[in-house]
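Take a look at the structure below.
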Amino acid sequence: MDKEQFAAEIRAGIPDVLPEPMPYDTEINHAPKRKDILTPAEKKLALRNALRYFPKKFHAVLAPEFADELETYGRIYMYRFRPKYEMYARPIDEYPHRSLQAAAIMLMIQNNLNPAVAQHPHELIVYGGNGAIFQNWAQYRLTMKYLSEMTDEQTLVMYSGHPLGLFPSHRNAPRVVVTNGMVIPNYSKPDDWERFNALGVSQYGQMTAGSYMYIGPQGIVHGTTITVLNAARMQMTKEPGRSDIRGMLFVSSGLGGMSGAQPKAGNIAGVVSVVAEINPLAARKRYDQGWVDELHDNLDELMPAIRKAVGERKAVSMAYVGNVVDLWERLADEGIKVDLGSDQTSLHNPWAGGYYPVGMTLEESKEMMAANPAAFRERVQASLRRQVAAINRLAERGMYFFDYGNAFLLQSQRAGADIMGADGRFRYPSYVQDIMGPMFFDYGFGPFRWVCTSGDPKDLEATDRIATAVLEGIRKTAPEEIKHQLDDNIHWIKEAGPNHLVVGSQARILYADAEGRTKIALAFNEAIRRGEISRPVVLGRDHHDVSGTDSPFRETSNIYDGSQFCADMAVQNVIGDSFRGATWVSLHNGGGVGWGEVINGGFGMVIDGGDDSDRHIREMLFWDVNNGIARRSWARNEGSMHSIVREMERTPGLKVTMPNIVDDSVVDSVFGS
């Protein structure tokens, strides 16, 4: 398909002539069948909801077809309307557009759905087992049509994948406003998501899937690297005389979406990593992309390979293609020393493909989860109990285990596993509590991202050079509290290119604070202005950040004043970004730890070398970070109190309410110690 045909397809939206049915491709990963949760009356409603996207002349043909999809897959995906053109992020000028910002958003949407990037691309699932960008292909087609028509004085409103329409606005308004899963709180249980999603009225947007900011496994690899690196450093202090972390063994699970970053992060950190993955297609995909070094499907062969790599103190990553419980139990039985352990199965989605129980094949699990959900739930919980028991045995021998924000601790507790300590708290910390929170989030460091819309690797190389120079300049006058973080981040960005992290678009991730993000973005904008970078750059971040997310079992798990269950920060973050220059903003229920367990907000910003971009960078990136630092400071987090005082000293007009610290003796004198 040439550029003109592609442009015509985009502009057409819902085609006027019914396309031929698309074959079901067995060579790619597909979402598991969702459970049969709708009543007969609700199934009729789901069908009416789907057919309203199409003219009446199509209804007689589509009605039985969509009903069959609902029966077969538990959802109406409208497979017939999947585009025939190849799905990937094209250079920005290949998109038909009246607004360059809208063209950048089309690029980001197609990147999310690139089969090399997306987990279940034909079901529009980007990552996490249920993190969707749209509910069906009609929504995709309409959205791309609207974006091709949009001017810089219109805003597209998105309701959980549904394009509500284009509305008049103004040049400084967001081009797109996105919400996902924003249901009434009393209707935010997992089965509520299943029902609303089957009806076609709501979706789980994860964090960066439904907000068009997913960049494949690279999106989390920097955060995973510094987590593994600092966890290993903590372990090293427990071994007197040890001078480096080479030869340490890190064990985890998951090679799907975000979890696929783990083996690459282990290599960059310098440890031996073993990651279990039940899905052979997912494991092979990461191997083919160079994100894992070795594939093993036999534990008898894997155990000697682990011993050899540890003995040689070699940085190597291995995938075990099998069930993680079998791996944990074998490691415990053989007495292999595991230094670091975690889990990245999608336990926010345990009953619908996020976790597969031990003792069952992948296909047996998929069949049971749809046909007998109650029995499947029992098998999952029994498997979690066994997994925790094996982890506990290794932890007693010195392993440092941490929850990686996937609801592992929470679901293990609900399964009745031996996961609680004598004090009534979890045996193991969240990685945010021990590492990311106090070392990074509290000081404003988080996962800053950018995408070069030209698609040219030379532009990405230029951004790497610019970002390195900016951070090295900041490092010269930085306070001692953040020099360690800056050193790790400078090392990271220098190594990013040689480690071949790009999957899909020419994108990069780099942990940075407000000063770093602002100065890097301004330098990018200047480079675009003078032609050193050839086309606009999209700025963004993971919602997994200092300000973007309220999540008591992950991002805000190191906030201890009781407000970790409040979602004011994420909502205020999106509101503030929307009038300070974001090109698009998004607010989601769910993401990472589960529907009903988190509210998160995100943004995207297109910079084009203009003066408006300079202004938006200064105004929006400042708020996007310091909103969270101010909240964390009020929670009495020491690093955040230091950071916000420093920011007030250098920023006119900033005045933040600071906490007064109460002596424990005063409180104890009233209530007792």
Side-chain angles (χ1 to χ4, degrees), residues 1 5-25 30-31 33-34 36-85 87 96 98 102 106 109-110 113 121-125 132-150 154-168 176 178-181 183 194-203 210:
M1 182 178 289
Q5 290 172 318
F6 170 71
E9 283 274 319
I10 293 293
R11 290 193 182 102
I14 304 297
D16 188 55
V17 177
L18 197 63
E20 291 298 313
M22 297 287 283
Y24 189 84
D25 188 347
H30 285 283
K33 179 183 178 181
R34 308 303 184 184
D36 186 3
I37 197 170
L38 298 183
T39 66
E42 288 172 331
K43 289 179 180 179
K44 290 182 178 180
L45 180 58
L47 187 56
R48 289 191 184 95
N49 288 346
L51 291 172
R52 61 184 162 178
Y53 284 101
F54 305 97
K56 280 191 174 184
K57 64 182 180 179
F58 293 164
H59 288 183
V61 174
L62 294 180
E65 183 176 309
F66 289 172
D68 182 66
E69 284 189 15
L70 186 60
E71 185 67 27
T72 305
Y73 307 111
R75 297 291 187 273
I76 299 173
Y77 296 115
M78 307 179 185
Y79 287 121
R80 179 193 288 262
F81 292 92
R82 182 166 58 83
K84 293 182 180 178
Y85 51 75
M87 192 68 71
R98 300 170 68 192
M106 286 191 274
I109 288 172
Q110 289 207 307
L113 288 170
H122 291 185
E123 289 77 37
L124 303 116
I125 302 294
I133 184 169
F134 299 103
Q135 297 178 66
N136 56 59
W137 285 103
Q139 292 178 346
Y140 166 84
R141 284 178 173 269
L142 274 176
T143 300
M144 297 295 278
K145 174 180 170 62
Y146 280 136
L147 289 168
S148 73
E149 298 169 348
M150 171 189 287
Q154 289 175 302
T155 294
L156 176 61
V157 179
M158 299 294 298
Y159 276 23
S160 280
H162 168 65
L164 191 68
L166 289 171
F167 290 80
V176 181
V178 180
T179 53
N180 282 298
V183 301
E194 294 275 6
R195 181 173 294 104
F196 296 140
N197 196 218
L199 285 171
V201 296
S202 191
Q203 75 174 11

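Just so it is clear, the model here is predicted, and its values are computed rather than measured.
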For [X] against [Y], the heavy-atom pair lying closest together:
| X | Y | answer |
| --- | --- | --- |
| Gln203 | Ile133 | NE2-O, 3.3 Å |
| Ile37 | Glu42 | O-OE1, 4.1 Å |
| Leu124 | Leu113 | CA-CD2, 3.8 Å |
| Val178 | Gly210 | CG1-O, 3.3 Å |
| Asn49 | Arg52 | O-CG, 2.8 Å |
| Arg34 | Ile125 | NH2-CD1, 4.2 Å |

Give, for atom [atom1] of [X] and atom [atom2] of [Y], the distance between the pair rounded to the nearest 0.5 Å.
| X | Y | atom1 | atom2 | result |
| --- | --- | --- | --- | --- |
| Phe58 | Leu51 | CZ | CG | 12.0 Å |
| Leu199 | Arg75 | CG | CZ | 9.0 Å |
| Leu62 | Arg80 | CG | CZ | 6.0 Å |

Taking only distance into account, with no hydrogens and no angle test, what donor-acceptor pairs under 3.5 Å do side-chain atoms of residues 154-166 form with protein atoms, sequence neighbours excluded?
| from | atom 1 | to | atom 2 | distance (Å) |
| --- | --- | --- | --- | --- |
| Gln154 | OE1 | Thr151 | N | 3.0 |
| Thr155 | OG1 | Ser169 | OG | 2.8 |
| Thr155 | OG1 | Pro174 | O | 2.6 |
| Ser160 | OG | Gly181 | N | 2.9 |
| His162 | ND1 | Tyr53 | OH | 2.8 |

Main chain of [Y], side chain of [X]: is a donor-acceptor contact present, judged purely on distance under 3.5 Å?
| X | Y | value |
| --- | --- | --- |
| Lys57 | Asp16 | yes |
| Arg11 | Pro96 | no |
| Arg98 | Glu149 | yes |

Does any non-hydrogen side-chain atom of [Y] lie less than 4.5 Å from one of [X]?
| X | Y | value |
| --- | --- | --- |
| Glu65 | Asp68 | no |
| Met87 | Tyr85 | yes |
| Ile109 | Leu147 | yes |
| Tyr79 | Pro21 | no |

Of Tyr73, Trp137, Phe134, Tyr77, the residue whose pairing with Glu123 passes side chain to side chain contact (heavy atoms under 4.5 Å, CB included)
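Result for side chain to side chain contact (heavy atoms under 4.5 Å, CB included) with Glu123: Tyr77.
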Just one of Gln110, Lys145, Gln135 clears the side chain to side chain donor-acceptor pair (under 3.5 Å) bar with Tyr140, so which one?
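Checked Gln110, Lys145, Gln135 against Tyr140; only one passes side chain to side chain donor-acceptor pair (under 3.5 Å): Gln110.
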Would you check, one step at a time, whether the test side-chain contact (heavy atoms from CB on, under 4.5 Å) holds for Lys84 with Glu9?
CA-CA 9 Å; Lys84 293 182 180 178; Glu9 283 274 319; 6.0 Å; no
